[in-house]
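As structure tokens, the structure follows; a few thoughts come after it.
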Amino acid sequence: MKAIVYTEYGSPDVLHMGEVAKPIPKENEVLVKVHATTVSYGSLAARTFGKMPPHEFNMPFLFWFGARIAFGWNKPKNPILGIEFSGVVEAVGQAVTTYKPGEAVFGYRGQGMACFAEYVTMPADGLLAHKPDTVSHAEAATIPYGALTALTLLRRLNLQPGQKVLIHGASGAIGSFMVQIAKQMGAEVTGTCGTRRMDFVKALGADRVIDYSREDFTQHSTKYDLIIDVLGRSSFNQCKRVLTPKGIYFPVSFKFTEVRQMLWTSRFGGQKVFLGLSDEKPADMQTLKSMIEAGTLKGYVDRTFPLEQVVEAHRYYESGQRSGNVILTVA
Ligand SMILES: NC(=O)c1ccc[n+]([C@@H]2O[C@H](COP(=O)([O-])OP(=O)(O)OC[C@H]3O[C@@H](n4cnc5c(N)ncnc54)[C@H](OP(=O)(O)O)[C@@H]3O)[C@@H](O)[C@H]2O)c1
């Protein structure tokens, strides 16, 4: 089958079309003909990881070390990128009863990657669900990574209706779903983003949008019950003055400083630093499917490229022009 392969870390030019063996589904797996996949933070990190020094990685050194071993120290271990997909079941293993050939599905392979290809396999009881008929393959492919991360992290924060939430980085893959899910939970949501994406974040349902390149939300008078910083570009010390007395600061990306602050603030009753890692479960894919069907969760497609134009797609992703997701169409 055709797949985009890479054998060394580097710029988008390391990606090229290759011929690889078509995967064979095991007893409990489905074989999916991929229709759409996304260019995402995960694929970008995996493509460049060998050249990324620890201080440029948005997580503590130990995470960088673990990821470097997982991705491959000197060259990539897994030659095919792509963390999420939407497609059609081509074949199923003997033990699979929940999916049938011809059914449309969408799913998340995460660090297992391999979605920049004509076919992928998935465990039938893994992060996989039937694609709602109301959305295209392109839209469905945008949902798993960002929405699973947003859903599982927000769930742990016990958000209450009426609470004021600020999402710093509301226009990206995780932030755009956090806005939608936090609104659904009844929160009053402020999102920050770059100038180009102000209308996009408003369209996601945010009550208020701040252009982070022009205004510093930590200097405003509004106080928040929860501040979520997707890239960890702010700090707890800066945010204290705009947090309510029992407010929570949650950097989705963090360093060792925030680990120390979380341990310290957990001993007292006031403002706290919360840290969490997404822990998506197969049932969460069914939750996302129900939310899509109910019209409360939407994936946004900015631009679509055919798989062959993966280099242009990665360049466009890196250019910072997108509002929503960059899609690769496969079939
Ligand atoms: N804790 C966990 O379990 C977990 C799980 C997955 C990922 N992550 C972390 O999440 C991050 C990737 O998130 P993502 O996929 O949503 O990334 P993304 O799609 O690239 O979105 C990044 C967001 O940050 C905004 N941004 C860019 N520069 C900024 C700045 N200087 N100040 C404030 N905001 C800025 C962007 O706004 P504009 O584009 O509008 O400028 C955009 O909204 C990575 O650091 C990864 O390590 C954490």
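Side chains included, hydrogens not; waters and symmetry mates left out as well; all remaining heavy atoms used. Both counts, for ligands and for their atoms, begin at 1 and track the order of listing.
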For E280, all residues meeting salt bridge (charged side-chain N to carboxylate O under 4.0 Å, His left out), sequence neighbours excluded = none

Run the salt-bridge test on R197 and D211 with the 4.0 Å N-O cut-off and return the result as yes or no.
-> no

Residues which pass side chain to side chain contact (heavy atoms under 4.5 Å, CB included) with S86, listed by chain and number, not counting sequence neighbours = F106, K131, H137, A140, A141

Would you list the pairs meeting salt bridge (Lys or Arg N to Asp or Glu O under 4.0 Å) in which at least one residue belongs to residues 302-313, sequence neighbours left out?
-> none

Under a strict 4.0 Å criterion on non-hydrogen atoms, which protein residues are in contact with ligand 1?
-> Y41, N58, M59, Y145, T149, H168, G169, A170, S171, G172, A173, I174, C193, G194, R197, Y212, V230, L231, R233, V252, S253, G276, L277, S278, Y317, R322

Would you find more than 12 non-hydrogen atoms of other residues, nucleotides or ligands less than 6.0 Å from Q219 atom CD?
-> yes

Which of parallel (below 30°), tilted (30 to 60°) and perpendicular (above 60°) describes Y316 and F305?
-> tilted

